[in-house]
Amino acid sequence: MDFSIRAANLDDCKDIARMIMELAEYEKVSDHVKVTQKDLEQDGFSKNPFFHGIIAEVPEQHKTKEGHTKIGYALYFYSYSSWSGRAIYMEDLYVMPEFRGKGVGKALMSKVAQLGLAAGCHQLNFTVLNWNKPSMDFYLSQGCFDVTATMDYHCMRCEGEALKHLAQL
């Protein structure tokens, strides 16, 4: 199948917002999505972006029945490991269902890895839901490993009122 991978730009925010909702629906957490297209525009394409993105796109002749040519995306940002230094964190990797199994996800993830290596990163980090066996199998087939299983780490979060309370201390 013919597709291309490129850096996301401001004009892609509408499609990224659409695909974020599709991913959230797949993960059964659509009620948790608070990010808007405007947030994406501001947070990803300002002078000091909080994230970067890449887009998978097909030619017009392969567009979806809804007319979409942007069929996948990955969002990432740079982080730091106190043990190994520079790292890249892949927040999302999504490919529309009808385009899965055609190399699009691998190409997106490969591009994130390339960008990380070019920036001097030593790790690519991301999370995957326990129940998402197809994604877990895909990541394992790419040479990734489950940090929770091998290093006994847990991914923790503080948000909402708890975050506000913590900030007051």
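Atom CZ in Phe45 sits 9.5 Å away from atom NE2 in His52 (nearest 0.5 Å).
Because its NZ or CZ atom is not both nearer than 6.0 Å to the ring centre of Phe77 and within 45° of the ring axis, Arg86 does not count as a cation-pi partner of that residue.
Within the 4.5 Å cutoff, no side-chain heavy atoms of Ile16 are placed close to those of Tyr94. Taking 4.5 Å as the limit, every side-chain heavy atom of Val128 sits out of range of all side-chain heavy atoms of Phe138. Using a 4.5 Å heavy-atom cutoff, the side chains of His122 and Ser81 are not in contact. Side chains of Asp15 and Arg18 form a contact here, defined as non-hydrogen atoms less than 4.5 Å apart.
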Exercise for review: Quick one: do Leu108 and Phe3 satisfy side chain to side chain contact (heavy atoms under 4.5 Å, CB included)? Show the steps, please.
Suggested key: CA-CA 11 Å; Leu108 285 165; Phe3 65 88; over 6 Å; no
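Heavy-atom contacts from other residues, nucleotides or ligands closer than 6.0 Å to CH2 of Trp131 number more than 12.
At least one donor-acceptor pair closer than 3.5 Å links the side chain of Lys34 to the backbone N or O of Asp31. Side-chain atoms of Asp12 come within 3.5 Å of backbone atoms of Asn9 as a donor-acceptor pair (strictly under, hydrogens ignored). Formation of a donor-acceptor pair under 3.5 Å by the Ser110 side chain with backbone atoms of Ala107 is not found in this model. Side-chain atoms of Thr64 come within 3.5 Å of backbone atoms of His68 as a donor-acceptor pair (strictly under, hydrogens ignored).
Between Tyr139 and Phe126, the gap from one ring centroid to the other is short of 6.0 Å.
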